[in-house]
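Small disclaimer: the values here were computed from a predicted structure and weren't measured. Below, chains carry the letters A, B, ... as their sequence lines are ordered, and counting in each starts from 1.
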Amino acid sequence: MPRFRKTRKHGLAFRLSLLILTSTTLIFLAAFGYNHYHSRQLVLKNVQEVAMNRAQSVVLQIETRLRSVEGLPRMVSRHLENKLVKEDLLLSLVHDMVASSPEIFGASAAFEPHAFDPARRFYAPYYYHAKDGEVSFVQLGSESYNYFLWDWYMIPRELDQPVWSEPYFDEGGGGILMATYSHPFYEMSGELRRFRGVVTADISLDALVVEIGNISLYKTGYAFLISRNGAFLAHPDKERIMRESIFSMAAASELPELRTIGRKMVQGQSGFAAVNSVHADSRSLLAYAPVAPAGWSVGVMIPEHELFADVRSLNRMVLVIGAAGFTLLLLVVVAIARSITRPLHSLVRTTAEIAKGNLEVELPVVRSNDEVQVLTRSVDEMRLALKEYIADITETSRAKERIESELKIARAIQMNFLPKHFPPFPEQPAFDLFATLESAREVGGDLYDFFMFDDCHLFFSVGDVSDKGVPAALFMAVTKTLMKGIVEQGMTPADVLEKVNFELCQNNESAMFVTVACGILDISTGELIYSNAGHNPPVLLRSKGAPKMLPMPPGRVLGVLEDDIFINRTIQLSPGDRLLFYTDGVTEAMDNELNLFSEDRLLEEMADMTRAEPRQMVEQLMAAVHAHAAGADQSDDITMLALHYKGTSALAKNTK
Amino acid sequence: MECTSHKENKAVVIKVTGRLDAVTAPEFDKACGNWIDQGETCLVVDLAGVEYISSAGLRCFLVLHKRLKAVAGTLDLSGLQGMVQEVFDISGFATLFPVHPSLEKAIEATG
């Protein structure tokens, strides 16, 4: 059974497990994907807020510091515009700016050429915090340090407004990153306003740089500050400070998006964007916000992979739990599937055994109250039904065999009692005779007989027993034996029938009867004496003329009443006359539509048999009967006995 | 074959229709036999509806004849026609029992 094994490879258990686990995995993956996406979104939103807040807070911090510095130069500028200030007052004002404010590294009031003192071209007293903490003084401006050309002086003058300078490394102040706030002041004469100089305050950005540089978010997230030009003012990587700008970095790393962001930052916009990291392949998120007074911009950079580190670890956990769940589910499903299919497997084995014909096989016991149990029960019922059926069939075929063998016996009895040697009397030229009996499957109990009981008398008979099978065959045998035993010289056919009837009526408990037509032919004279016991009339075919039924004397069948009387009739046969005795198997032979062969048809068939010999007559008629039946079952025996009387002239001819 | 029977006066009337052959004979046999078993001795069989009778059918009548003879009973026939009439005539059974042209006559005769 190769097919059987093949299907078993992908059995129910396998398919069930596959189906459940596949759908579970799909559901899990869908849930996992959804969860992953949403937690990312959540984290992203959260981070955006955190980064933005952080950037804003840095901005606020810087702005506070810058604003606090801006106040003093403004105040001093006003002072210088309102009154004519003497040198000592001016010096003390500038000195006080530095001394009173630790935020301010250095301060100065720088005048236009000859503006303060017509004798002096440069006038810019500068106070600053020296290294020892003391407030020191120096007069700026010389041919080598022409401050008129410096940004901190030039730009407010040209722009006509206070300005924060681009941060710079102060050469004189010891390499400190500085930014200078320059506030212009004017000489007022009525409507006219003439630029006189600027009041400056320098602040050190070092503290700010350190502070911003120290900001860290997540693991390696950081903050940075860029100037109006995009130069880094604060960055955790100190090497970049004042040496690189966001634009130079964008160009070096080929990050056009960083350039775009840089442009937005120097334009004073704020926002949130994702950029490729400079260092690695990973992406970072960048929040940026402007520091309004100085035109700087703060950026907060957070590597994406750190943001999602929690999400990732959560995902890993979920995956681990999922995998564990999957394994557990696999075990459970396989166990359940096995428990379902195990009884099925053994049932399959059993049914295969039944299919081989072993109906004694015991079916597996199924305790579960489910379809498998129902199936098992059905299979068992089928097995029992098959067993019973086979037993029935065996019994039936045995019975059939018995009947068949009985039929064989019946036919053997019947056939053994019939004379079958033709021509029966070859040395006898006065007549010819032929007889045949075709048994039906169920032997009908027909009989025929003929014998010469002396030199010139032929006795012949045809009969039909009422029953079928062995009893009919036996009854036929008895009848025939009786007739042969009883016939003796001087007896007429009626005498024979009366005696046979008497004998048959003795102990005829089974109520069988037999029809008999018989006759005794004197072969020397052609005189035929015949009698009848309920039999069909024979056909007489004269040498010249049409065949016709020979009227029979009335007479009851044999075996009914023991004292029945039979009547003889006599007819004179001429040479060339023919007689046909037969049983109703001929006239009542039926075709498939139950049409009878009929006596009319018999007469018709015999019309042209005036020259036919007995054997030919019988064979032709038998063929006609068979043709009529056309394959329909023969329900009764068919018996025919044909006699051709040739007469004594033939005898005389022969003896001559 | 169909076989119906009822009692009318002292006679049991058995009406047979269809084919009375080897297949149906036992049924007819049984129907008649039951009445005789019940002690009925006066049977009238109406064969008006019978279209065919075989020797097995005839044999039923011989059985009936023997059984009724033992209890001094009678069997009257009616409705013989066509092939049935012919069979009864040829076999001599027509002279074994009183035959009446109609069922009414047969019942009348038993009364």
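- Aromatic ring centroids of B:F61 and A:F513 lie 6.0 Å or more apart.
- Neither the backbone nor the side chain of A:M552 comes within less than 4.5 Å of any heavy atom of chain B.
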Tell me which donor-acceptor pairs, judged by distance alone and kept under 3.5 Å, run between chain A and chain B, one pair per line.
unit_1	atom_1	unit_2	atom_2	d
A:S466	O	B:S55	OG	3.1
A:D467	OD2	B:R59	NH1	3.3
A:N508	O	B:K66	NZ	3.4
A:S510	O	B:R59	NE	3.2
A:S510	O	B:R59	NH2	2.7
A:A511	O	B:R59	NE	3.1
A:R556	NE	B:G92	O	2.9
A:R556	NH2	B:T95	O	3.1
A:R556	NH2	B:T95	OG1	2.5
A:V557	N	B:S91	O	2.9
A:E588	OE1	B:Y52	OH	3.4

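- Smallest separation of non-hydrogen atoms from A:A511 and B:L62: O-CD2, 3.4 Å.
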